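Counting starts at 1 for both ligands and their atoms, following the listed order. As the structure is a computational prediction, the values presented were derived from the model and not from experiment.
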Amino acid sequence: MSETTADPRLEGRQVRRVLYDERAIATRVAELGAEVTAAYPDGDLLVLGLLKGSFIFVSDLVRQIRRSLQVDFLVASSYGDATVSSGNVRLLYDPETRLEGKHILLTEDIVDSGRTLARLVKLLRARNPQSLEICALLHKHIATELEQDVRFVGFDAPHEFLVGYGLDHAEKFRHLPYIVSLQ
Ligand code: IMP
Ligand code: MG
């Protein structure tokens, strides 16, 4: 803990606790890569990362998947308003890769309410992929809006606000190689 609180990347912010250090993340991401490899014996696999939070996770995960694949990203508009109907998610960046007929692995940093994913799943299903599964590094298990199970989960996360390894607070701390909760 003392080495992380002295980390200049934290800008003096107090760390409540270190949840996952670099080694724990690397071990779990390698296991997830093996799970994904085993789950897709054939067909075209497209790992679709949801930006920005998944950028580090995706880059590590795909290097642990031992089969051919494609990588693309999408950027969804965020609605703070729960009254917006679920069909209305807007993509600020739409993947250029064709989704039809492919196995899509929608990859997210963390599932909290699940609202973002619930909307995206609907939108992506309409493009007729062969399959659509969700992979999340962290899952808080409080999602009420997500009907589809998260097929691949890195860690069951506590109900705390986490930063690092792609996760931000006000766009900061994404570059921490470990995941902590802040005070
Ligand atoms: P959801 O739609 O409520 O599931 O929100 C998911 C998104 O909220 C994630 O992709 C993150 O960008 C953000 N988020 C949720 N929980 C946390 C957290 O603990 N730390 C940082 N970002 C979070
Ligand atoms: Mg965020």
Side-chain angles (χ1 to χ4, degrees), residues 1 4-5 7 9-22 24-25 28-29 32 36 46-62 71-95 104-125 132-183:
M1 181 78 84
T4 52
T5 45
D7 188 333
R9 292 173 288 203
L10 284 161
E11 302 180 12
R13 291 289 299 259
Q14 290 300 303
V15 164
R16 176 138 74 140
R17 56 184 175 134
V18 180
L19 274 306
Y20 315 103
D21 63 16
E22 275 189 80
I25 294 170
R28 188 65 193 120
V29 171
L32 276 179
V36 171
L46 173 64
V47 177
L48 198 51
L50 182 50
L51 291 177
K52 296 178 218 170
S54 75
F55 80 111
I56 294 178
F57 177 41
V58 167
S59 70
D60 283 345
L61 179 68
V62 293
V71 183
D72 209 335
F73 291 93
L74 49 79
V75 182
S77 60
S78 50
Y79 295 100
D81 181 357
T83 62
V84 174
S85 90
S86 57
N88 281 349
V89 68
R90 205 156 52 91
L91 295 184
L92 303 179
Y93 169 75
D94 202 330
I104 308 298
L105 187 59
L106 183 58
T107 305
E108 170 70 306
D109 53 356
I110 186 165
V111 182
D112 189 349
S113 74
R115 202 171 296 142
T116 320
L117 279 175
R119 289 173 178 159
L120 280 175
V121 162
K122 265 197 175 169
L123 182 146
L124 295 174
R125 281 207 183 285
L132 176 58
E133 299 288 353
I134 300 168
C135 174
L137 178 68
L138 301 159
H139 195 341
K140 289 189 178 172
H141 292 284
I142 49 176
T144 51
E145 304 204 14
L146 191 59
E147 288 164 23
Q148 177 166 342
D149 280 349
V150 182
R151 168 93 181 261
F152 305 97
V153 178
F155 301 102
D156 295 328
H159 303 170
E160 295 170 33
F161 194 79
L162 310 176
V163 297
Y165 198 73
L167 296 153
D168 73 303
H169 176 250
E171 293 301 326
K172 290 192 168 170
F173 314 120
R174 292 193 197 274
H175 63 317
L176 299 174
Y178 45 79
I179 296 172
V180 299
S181 60
L182 295 177
Q183 291 280 19

Region of E108 engaging ligand 1 - heavy atom pairs below 4.0 Å
side chain
Which bit of D168 gets closer than 4.0 Å to ligand 1, counting heavy atoms only: side chain, backbone, both or neither?
backbone
Considering only heavy atoms of [X], which atoms of ligand 1 have at least one such atom less than 4.0 Å away?
X: E160; answer: 19 (O)
X: D112; answer: 1 (P), 3 (O), 4 (O), 5 (O), 15 (C), 16 (N)
X: D109; answer: 9 (C), 10 (O), 11 (C), 12 (O)

Supply the atom-to-atom distance [X] [atom1] to [Y] [atom2], rounded to the nearest 0.5 angstrom.
X: L92; Y: L51; atom1: CG; atom2: CG; result: 10.5 Å
X: F57; Y: I110; atom1: CZ; atom2: CD1; result: 11.5 Å
X: D109; Y: Y165; atom1: CG; atom2: OH; result: 11.0 Å
X: H175; Y: D168; atom1: NE2; atom2: CG; result: 12.0 Å

Check each of L120, L132, D72 against L48 using the side chain to side chain contact (heavy atoms under 4.5 Å, CB included) test, and report the only one that passes.
D72
Counting C-beta onward and ignoring hydrogens, is there a side-chain heavy-atom pair between H169 and R13 closer than 4.5 Å?
yes
Of all pairs that satisfy salt bridge (charged side-chain N to carboxylate O under 4.0 Å, His left out), the ones with a partner from residues 48-61, not counting sequence neighbours
K52-E171, D60-R63
Pairs of nitrogen or oxygen atoms closer than 3.5 Å, one from G114 and one from ligand 1: do any exist?
yes
I'd like to check whether L167 has a polar contact with ligand 1, where a contact means an N/O of the residue lying under 3.5 Å from an N/O of the ligand.
no
Work out whether the distance between some heavy atom of L162 and some atom of ligand 1 is less than 4.0 Å.
yes
K140 touching ligand 1 at heavy-atom level, < 4.0 angstrom:
yes
